[in-house]
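Input: a single structure, listed below in C-alpha cells.
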Amino acid sequence: MKRRLCWVLLHCLASGAASAGERHALLIGVGELPALPRAAWLAGPVNDVAAMRAALRQQGFAERHIDSLSDGGAFDAAPTRAAILARLAQLKKTLGKDDVLLLYWSGHSVLAPGYPGAAAQPQRTRLLTRDSRPGPSKQLDGGIGSTELGRAIDALSARQVQVVAVFDTCHAAAGTRSDDGLHWRGLSASEIGWRQSAGNETGAGPGSEPARARPRFVGFFAAEAQQRTPEARSVTAPGQAAGLFTRAVIAGLQAQPATYAAWAGNASAQYRAALQSYQLPRSAWPSPVYAGLLDASLWHAGENAHTAPLWPVQRDAQGWKLPHGLLDGVRSGDLFEAGGTRWRASEVGWNGARLVLAADSRPTLPAMNSMNWARRTPAQTAQGRIAALLALPPSPGAPLLDARIELTLPGQAPRQLPLADGDLGTLPAGTRIRISVENRGAASVDLGLAHLPLHGAATSIYPALAGDSNRMPPASGNAISVFERSFVVSGPAYGVEWLVLVAAPAVNGAPPRRFAILEALPAATRGGPDLAPSGTPEQAQLARVSWKSVP
C-alpha cells in the first residue's frame, strides 16, 4: 500500500511542450483546509513550497519549469483537486522521453479504515487538497486518491519520464498537537467521519492488478505507512513553520550528491539530527523510506543515468563500517574505494561489516560519522548467485516474520508448511503454491521474496512492484500486516527451482537496503540496518525452499 501512496506524488507540470531531457517540477503545498477545523490546518506547507522552489533553482531548474500550487497569492494557483488533476492531464501530453519531473507534496494525508500494509484497495489513501471536506456518506470528498496518482505515474513512465517524488506528509495517523513545538501532519479516519473496521486484511493474491514497471521512478517519503511526520517553527526563519523532512531533503541536496542514494543518505542524517533536537523518544521518530532507481545519477534520466551502485562507508570510534552484510551480498575481502581511500571487508555479519584500510590505500581519511559513497569490487569467487545463496548458514534466532506455504498438488488436499529451509520434492505442473507472510510484531521489517529457477529468469515476488520499497509495516491495533501471493507450477521450462525469503529488522534512517544476493532481480528499495553493537547477535531471517518441477 505504501507503493500506492508512493505514487501519490505524481502531479504534474504545467505549460509548454518540453524537449527531451528537461528538468521540471510541480510543487504542491496544502495547509489551509476551509471545510475542516482550524486545528487541522498546517502552517508549514506554504513555506515548504517556497523553500523547495528556491532549492531547485539552485540545482539548475528553470523558473518557467517550476509550477507551484499552494496557499496564498504568491503561487500559480490554489491547490484544489481540479487544479491538480488538470496538470496531471497536461503532463501526460507535454513531457517526453528523458525528461525529469520532480513532484513534491507538503500537507495532510488520510488513510481509510483498514491497515496500510495490507491489500491495495482503490482510494484507500488520499492526499487532502484545499477543497477536501467530509461528505454526507461518511466519505471524504475532494482530495487526490492513491489510485488516481498511481495511474498518472504509470502514464508518465510509459513515456520514459523520470518521476522523482518527494512526499512530506504522513500516510495516516491521529492528528495531534503537542507541547514540544511540533505539529504532526496527518488526520485520523475518525476526524473525517470514517468508521474504523476491525479484523485483518490480506495482501495481494491471485487476480490482483499486475505490477507495472517504473524503471526510472525515485521516491523519497518522510514516514512509513503507519507513521506521522512533523512540522515545526524554523530556527533559520523565526516565526515560520516548516516540514522537518523538507528541511532535511533540501539540506541533503545542497551537499551536491552525485546520486539519489547519496541524496537520501544526506537527507536521513539531517532528519535524524532535527528529530533528535526535539528530544523525542526514538519510538516516536518517523522513519524515512526511499524507493526506486536510487543508484541513478541525479537529474539524468537517459542511458547515462545508470551507474554502478555506491555503498555507504562510515567511520566510527572503532574504525570503519558498512551497514550491509551477508544478506546484501557482501563477502570478506570485497574492496571498497572512495576519493582515493580503499577498504577491504574483514568481519562480515548478516546486516553489517567492519572494514579495514587496504595496504595500498592513500591516508585520506573521511570524517567521523560522515557518509562516504564507495564503489565496490567483489572478491574473486567462483560461486554463482544461487550457489552463494545456498552456501549461507542458517539465520540465527527466532524468525522476524511468520511465513508459511500452502501447497496443493493436482487432485490432492492443500498442505500447510512453514516457509523455512527445506525441499518440497517433485512438483508436477498444476501444483499451486500459496505464500503467506505476516508481520505480527511492533517494528517494521525489510523483506525480499524471490523465485529463482536454476535455468531461466528470476522473479521478484516482494516487493510486488519493481522499484517499490521492500519495507513491510508492523502490526497495528487489531490488524496485522499480511502479504500473500499464489502461483502455479507450469512450463515451458522445468527443473530445479527455489523460493527464497530474506528479512532483516528495518532501522530508522539507515541507508538503502540492497539484498544484493538477489541482485539479478529488478532493483527494489530500501530501508536498511545500522551495524549491530559488537558482540550482539544480528537478527536475520533466511529461508531457501527448493523443488523439482516436472510436466
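Positions are given from 1 along the sequence.
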Charged N-O contact under 4.0 Å between Arg216 and Asp98 | yes

Could you tell me whether the side chain of Asp99 and the main chain of Arg23 form a donor-acceptor pair under 3.5 Å?
-> no

For Arg544, all residues meeting salt bridge (charged side-chain N to carboxylate O under 4.0 Å, His left out), sequence neighbours excluded | Asp421

Please name all residues satisfying side-chain contact (heavy atoms from CB on, under 4.5 Å) with Ser68, sequence neighbours left out, ordered by chain then number.
-> Leu27, Val49, Arg53, Ile66, Phe75, Asp76

Results of salt bridge (charged side-chain N to carboxylate O under 4.0 Å, His left out) for Arg57 - residues two or more places apart only = Glu63

Between Trp299 and Val100 the two heavy atoms that sit nearest each other are O-CG2, 3.7 Å

Tell me yes or no: between the side chains of Arg344 and Ser332, is some donor less than 3.5 Å from an acceptor?
-> no

How long is the span from the CG atom in Asn470 to the CG atom in Leu447, to the nearest 0.5 Å?
-> 7.0 Å

Can you tell me if Ser346 uses its side chain to pair, donor with acceptor, with the backbone of Arg354 under 3.5 Å?
-> yes

Mark yes or no for whether Asn47, through its side chain, and Ala242, through its backbone, hold a donor-acceptor pair below 3.5 Å.
-> no

How about His451 and Trp498: are their ring centres within less than 6.0 Å of each other?
-> no

Would a distance-only check, ignoring hydrogens and angles, find a side-chain to backbone donor-acceptor pair under 3.5 Å from Asp48 to Gly243?
-> yes

If you look at every heavy atom in Gly265 and Trp373, which pair is closest and at what distance?
-> CA-CZ2, 4.1 Å

Kindly say whether Trp320 contributes a backbone atom to a donor-acceptor pair with the side chain of Arg315 at under 3.5 angstrom?
-> no

Does the side chain of Tyr260 come within less than 4.5 Å of Tyr290's, by heavy atoms?
-> no

Minimum side-chain heavy-atom gap Pro230-Leu275 below 4.5 Å = yes

Could you tell me whether the side chain of Asp71 and the main chain of Val46 form a donor-acceptor pair under 3.5 Å?
-> no

How long is the span from the CD atom in Gln541 to the CG atom in Leu327, to the nearest 0.5 Å?
-> 10.5 Å

Please say which of Phe245, Tyr271, Trp263 ends up in a ring-ring contact (aromatic ring centres under 6.0 Å, His included) with Phe220.
-> Trp263

Criterion side chain to side chain contact (heavy atoms under 4.5 Å, CB included) on Leu400 and Gln539, from CA distance to verdict | CA-CA 8 Å; Leu400 297 164; Gln539 289 184 282; 3.5 Å; yes

Note: Tyr462 and Arg471 closest approach over all heavy atoms is OH-O, 3.3 Å

Criterion side chain to side chain contact (heavy atoms under 4.5 Å, CB included) on Ile84 and Trp105, from CA distance to verdict = CA-CA 11 Å; Ile84 295 168; Trp105 194 301; 3.6 Å; yes

Taking Thr259 for the side chain and Ala262 for the main chain, is one N or O donor matched with an acceptor at less than 3.5 Å?
-> yes

Side-chain donor or acceptor of Glu538 paired with backbone N/O of Asn351 under 3.5 Å | yes

Ignoring hydrogens and angles, tell me if any N or O in the side chain of Asp328 forms a donor-acceptor pair with the backbone of Val330 under 3.5 Å.
-> no

Rounded to the nearest 0.5 Å, what separation is found between the CG atom of Leu326 and the OG atom of Ser395?
-> 11.0 Å

Candidate pair Leu103 and Val164, rule side chain to side chain contact (heavy atoms under 4.5 Å, CB included), full reasoning | CA-CA 6 Å; Leu103 302 163; Val164 180; over 6 Å; no

CG/Leu253 to CG/Asn266 distance, rounded to the nearest 0.5 angstrom?
-> 9.0 Å

Under a 4.5 Å cut-off applied to non-hydrogen side-chain atoms, are Pro79 and Ile28 in contact?
-> yes

Inspect the surroundings of CD in Glu347 and state if more than 12 heavy atoms from other residues, nucleotides or ligands are less than 6.0 Å away.
-> no

Sort out for me which residue in Leu244, Val249, Ile250 forms a side chain to side chain contact (heavy atoms under 4.5 Å, CB included) with Thr246.
-> Ile250

Before giving the answer on side chain to side chain contact (heavy atoms under 4.5 Å, CB included), spell out for His24 and Glu22 the whole-Å C-alpha distance, their side-chain angles and the decisive distance to 0.1 Å.
-> CA-CA 6 Å; His24 296 259; Glu22 289 184 338; 3.0 Å; yes

Donor-acceptor pair, side chain of Ser444 and main chain of Ala506, under 3.5 angstrom | no

Which heavy-atom pair separates Leu322 from Pro312 by the least distance, and what is that distance?
-> CD1-O, 3.0 Å

Can you tell me if Ser481 and Asn439 form a side-chain donor-acceptor pair at under 3.5 Å?
-> no

Non-hydrogen atoms of Glu231 and Pro45 that approach each other most closely | OE1-CD, 3.6 Å

Using a 4.5 Å cut-off on heavy atoms from C-beta on, say whether the side chain of Leu501 contacts that of Leu449.
-> yes

Ala261 versus Asp295, closest heavy-atom pair with distance = CB-OD1, 4.1 Å

Answer with yes or no whether the side chains of Ser106 and Asp168 bring together a donor and an acceptor at under 3.5 Å.
-> no

Is Glu148 close to Arg126 at the side-chain level, that is, under 4.5 Å between some pair of heavy atoms?
-> yes

